[in-house]
Amino acid sequence: MGAFALFVSTASFSQSVEDKAYVDVSAYARAKVVPDRAEIEITLKESDNKGRYSMDELEKRLAVALNEAGVDAEKQLSLYRQYVSTDKKRRIYQYKTFKLVVYNAEEAQIVMDALTAQELSNTRILRTWCEDYKQISDSLKVAAVKNAASDARVLAGSLNQSIGSALRISYYASRYSGGAVRNTVMLAAKAEASEDAATVALPKVEFDEIEIEESVNIRFELLPAEK
């Protein structure tokens, strides 16, 4: 997890109707994390090969590809949907879509290469995420609250005062960005030719970092200056 960042956007001193002074402070905590999960969609279509391979044969090719990639199919693979359709000649074709969970960009690349080797190219990476997102989010909430309290003490201390209990806490929904996937399927990245014109350096699957931010606004009681 990356280092937390502190930002204080507003701070105001006021007196409530009950004659209780307070200070409002807004703060956030932020971290950048590398996704440890990705979902690959794999679609098998008999119509793609004009009936050259039956669905059973396509599934065998999928099993071979996943085995060669070192994937635990029983744990990581699930059937998402299946259906049949007919063409103009009333030939019936089967379709099956699977979803495969992988644990890093390197494994995603190995899987994609293995599927391509088995002529199963109807694949795409749908999304990436962090398995322990909730744990990271909760730790950032705590950090944001501590940051707000620390800054409130500094502000109150500048007046030779101190803060008391929190009178109100406003929490804002988590913000996150990043997590994009860069690869030859989802993004047409340009291949750079090497010194040998017969070979090219093809782009590899990469996962962008995910930036998670939690922010709060807290109203602390402002205690009188000590005499």
Side-chain angles (χ1 to χ4, degrees), residues 33-136 176-194 196-212:
V33 294
V34 177
D36 57 6
R37 296 289 187 278
E39 187 176 67
I40 300 177
E41 182 183 79
I42 306 168
T43 301
L44 306 181
K45 298 181 179 181
E46 288 182 326
S47 60
D48 280 352
N49 56 76
K50 298 181 180 179
R52 184 160 53 100
Y53 299 127
S54 66
M55 181 56 67
D56 286 343
E57 290 170 320
L58 290 172
E59 289 183 318
K60 288 178 182 178
R61 285 176 171 267
L62 174 59
V64 169
L66 297 182
N67 183 63
E68 292 180 347
V71 169
D72 184 345
E74 185 175 343
K75 179 181 178 182
Q76 297 173 240
L77 185 71
S78 61
L79 178 62
Y80 176 59
R81 63 184 176 186
Q82 59 181 336
Y83 58 97
V84 297
S85 67
T86 57
D87 62 10
K88 294 180 179 179
K89 295 183 180 181
R90 295 187 178 180
R91 289 175 295 196
I92 300 176
Y93 294 115
Q94 293 188 68
Y95 298 78
K96 284 189 177 182
T97 298
F98 297 86
K99 289 188 176 181
L100 177 72
V101 175
V102 295
Y103 304 120
N104 51 58
E106 181 181 3
E107 184 179 13
Q109 182 68 66
I110 293 172
V111 168
M112 301 294 274
D113 290 343
L115 292 170
T116 299
Q118 291 296 323
E119 300 181 66
L120 303 175
S121 58
N122 200 335
T123 63
R124 59 174 178 158
I125 300 178
L126 295 177
R127 63 190 179 103
T128 64
W129 71 97
C130 290
E131 181 68 10
D132 57 350
Y133 177 88
K134 181 64 167 59
Q135 180 181 345
I136 296 171
Y176 62 91
S177 59
V181 181
R182 300 190 301 275
N183 59 71
T184 55
V185 176
M186 297 186 71
L187 180 63
K190 294 181 179 179
E192 297 180 0
S194 65
D196 182 355
T199 62
V200 293
L202 295 177
K204 298 296 183 180
V205 174
E206 294 181 352
F207 297 162
D208 282 347
E209 288 183 326
I210 296 174
E211 184 174 84
I212 305 171

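Throughout, numbering of the chain's residues begins at 1 and tracks the sequence. Everything numeric in this text was worked out from a predicted model, so none of it was measured. Keep in mind that the numbers below use all heavy atoms, side chains included, and drop hydrogens, waters and symmetry copies.
F207 and A105 make their closest contact through CE1-N, 3.3 Å (heavy atoms, listed as atom of the first residue, atom of the second, distance). Nearest heavy-atom pair across L79 and T97 is CD1-O, 3.5 Å. Shown here for C130 and P35, the closest heavy-atom pair between the two residues is SG-CA, 3.9 Å. Pairing each heavy atom of L120 with each of T123, the nearest pair is O-CG2, 3.8 Å.
The side-chain heavy atoms of V71 and E107, taken from C-beta on, include a pair separated by under 4.5 Å. The side-chain heavy atoms of L115 and N122, taken from C-beta on, include no pair separated by under 4.5 Å.
Under the salt bridge (Lys or Arg N to Asp or Glu O under 4.0 Å) criterion, E59 pairs with K96, sequence neighbours left out. Checked against side chain to side chain donor-acceptor pair (under 3.5 Å), S85 has the following partners two or more places apart in sequence or in another chain: Y95.
The 12-atom threshold is not exceeded at OH of Y80, counting heavy atoms of other residues, nucleotides or ligands nearer than 6.0 Å.
Separating the CG atom in L44 from the CZ atom in F98 is a distance of 5.5 Å, to the nearest 0.5 Å. To the nearest 0.5 Å, atom CD1 of residue I210 and atom CG of residue D36 are 8.5 Å apart. Between atom CD1 of residue I92 and atom CD of residue E46 there is a gap of 10.0 Å, rounded to the nearest 0.5 Å. A distance of 8.0 Å separates CD of Q109 from CD1 of I125, quoted to the nearest 0.5 Å. Distance check: L126 CG to E41 CD gives 4.5 Å after rounding to the nearest 0.5 Å. Taking CE of M112 as the start and CD1 of I42 as the end, the distance is 8.5 Å to the nearest 0.5 Å.
At distances below 3.5 Å, not a single donor-acceptor pair connects side-chain atoms of E68 with backbone N or O atoms of A65. At distances below 3.5 Å, at least one donor-acceptor pair connects side-chain atoms of Q76 with backbone N or O atoms of V101. Under the 3.5 Å distance criterion, the side-chain polar atoms of R37 are left unmatched by any main-chain donor or acceptor of E131.
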